Asks: 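After the structure tokens below, expect a handful of questions from me.
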Amino acid sequence: DVKVTQSSRYLVKRTGEKVFLECVQDMDHENMFWYRQDPGLGLRLIYFSYDVKMKEKGDIPEGYSVSREKKERFSLILESASTNQTSMYLCASSPISNEQFFGPGTRLTVL
Amino acid sequence: RKEVEQDPGPFNVPEGATVAFNCTYSNSASQSFFWYRQDCRKEPKLLMSVYSSGNEDGRFTAQLNRASQYISLLIRDSKLSDSATYLCVVNSGQNFVFGPGTRLSVLP
């Protein structure tokens, strides 16, 4: 079974802190994605990566950056957390143009 | 216009009912299509892929109409355990676009 893991299920940070969300997949998938999910807004793509060291902006990249140094790991970075970044963050991976597999999500609260 | 739109819901149906969800997409270059389900406070999980000829998996039937850019999901003999949010997902190359989801509650 494909496994996508995320470093934390719940995280509480203060405004202005730098936040790292880690995602690891064990199926050698080329593509990895970061979404946030908010009530009434559905899943919104922040960034995605289709290869090591490659990244592409999604629909809402502002305030975020990403890093993909190894194929299995895709990190989301909030350089200076703000309260409007309180959300559920979901990581996913997929082979090219095929179904996505999601991690369990990280519920981030920024105070 | 949103890239992927779904019935707004929620749908509240009795056990055993048949329920249909509709989804439309705007990008005619879209290549692959999926239905995901998401339980409350859980991550989305693939329910089924949608193929051009239509496909069935037990009580679930998915249809695709490329000319109308329309996808449907039919659930027959609904169970309490079918209660979830159903997400229509469209892939155009490397990017997946999610619809807002339609919430289903199956009532005893």
Side-chain angles (χ1 to χ4, degrees), chain A residues 1-6 8-10 21 23-25 27 29-51 54-61 68 74 87-109, chain B residues 1-10 21-27 29-52 55 57 60 62 64 66 71 73 84-104:
Chain A
D1 276 354
V2 174
K3 196 165 184 183
V4 181
T5 56
Q6 295 183 226
S8 306
R9 292 300 300 272
Y10 299 93
L21 302 182
C23 175
V24 178
Q25 51 97 0
M27 282 301 291
H29 287 167
E30 290 82 6
N31 299 337
M32 296 188 75
F33 307 80
W34 274 107
Y35 296 89
R36 64 177 283 178
Q37 186 173 32
D38 301 285
L41 296 176
L43 273 94
R44 293 181 291 167
L45 181 64
I46 304 171
Y47 268 97
F48 67 101
S49 168
Y50 51 85
D51 203 351
M54 305 299 286
K55 59 184 179 183
E56 293 285 340
K57 291 181 180 179
D59 300 318
I60 51 163
R68 193 161 181 207
F74 192 35
S87 186
M88 168 69 90
Y89 289 87
L90 288 157
C91 175
S93 73
S94 77
I96 295 174
S97 297
N98 210 331
E99 67 175 282
Q100 288 184 312
F101 297 86
F102 283 85
T106 296
R107 190 168 291 279
L108 172 68
T109 301
Chain B
R1 183 186 170 189
K2 290 182 182 175
E3 200 166 338
V4 179
E5 298 193 64
Q6 295 185 239
D7 292 329
F21 300 127
N22 300 311
C23 171
T24 57
Y25 60 95
S26 59
N27 186 348
S30 299
Q31 300 168 0
S32 50
F33 310 89
F34 309 91
W35 283 102
Y36 278 70
R37 84 170 262 167
Q38 186 173 22
D39 294 293
C40 190
R41 299 185 181 277
K42 299 278 191 178
E43 72 273 22
K45 291 187 178 178
L46 180 71
L47 178 66
M48 58 198 301
S49 301
V50 186
Y51 302 117
S52 297
N55 47 300
D57 182 2
F60 299 85
L64 168 64
R66 285 187 184 271
I71 306 158
L73 176 68
T85 296
Y86 290 81
L87 303 167
C88 174
V89 184
V90 174
N91 178 276
S92 308
Q94 292 170 331
N95 197 3
F96 293 80
V97 182
F98 284 75
T102 302
R103 186 165 180 179
L104 171 66

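Below, chains carry the letters A, B, ... as their sequence lines are ordered, and counting in each starts from 1. Everything numeric here is computed off the predicted structure, so don't read it as measured data.
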Asks: Between A:R44 and chain B, with a heavy-atom cut-off of 4.5 Å, which part of the residue counts as in contact: side chain, backbone, both or neither?
Replies: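 Neither; nothing under 4.5 Å.
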
Asks: Could you check whether the rings of A:F33 and B:F96 sit parallel, tilted or perpendicular, using 30° and 60° as the cut-offs?
Replies: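 Perpendicular: the ring planes of A:F33 and B:F96 meet at over 60°.
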
Asks: Counting only heavy atoms not in B:R103, do more than 12 sit closer than 6.0 Å to its CZ atom?
Replies: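 Count not over threshold, so no.
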
Asks: Select, from A:A92, A:P104, A:G58, the one with the greatest count of heavy-atom pairs under 4.5 Å involving chain B.
Replies: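 Heavy-atom pair counts peak at A:P104.
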
Asks: Tell me, for A:Q37 versus chain B, whether the close heavy atoms (under 4.5 Å) come from the side chain, the backbone, both or neither.
Replies: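 The answer is the side chain of A:Q37.
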
Asks: Is the shortest heavy-atom distance from the side chain of B:E43 to the side chain of A:Y35 under 4.5 Å?
Replies: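 A side-chain contact under 4.5 Å is absent here.
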
Asks: With chain A, which of B:P44, B:P100, B:G101 has the greatest number of heavy-atom pairs at distances under 4.5 Å?
Replies: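 Going by pairs under 4.5 Å, I would pick B:P44.
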
Asks: Could you give me the CA-CA distance, side-chain angles and deciding distance for B:Q6 and B:F21, then say whether side chain to side chain contact (heavy atoms under 4.5 Å, CB included) is met?
Replies: CA-CA 8 Å; B:Q6 295 185 239; B:F21 300 127; 5.6 Å; no

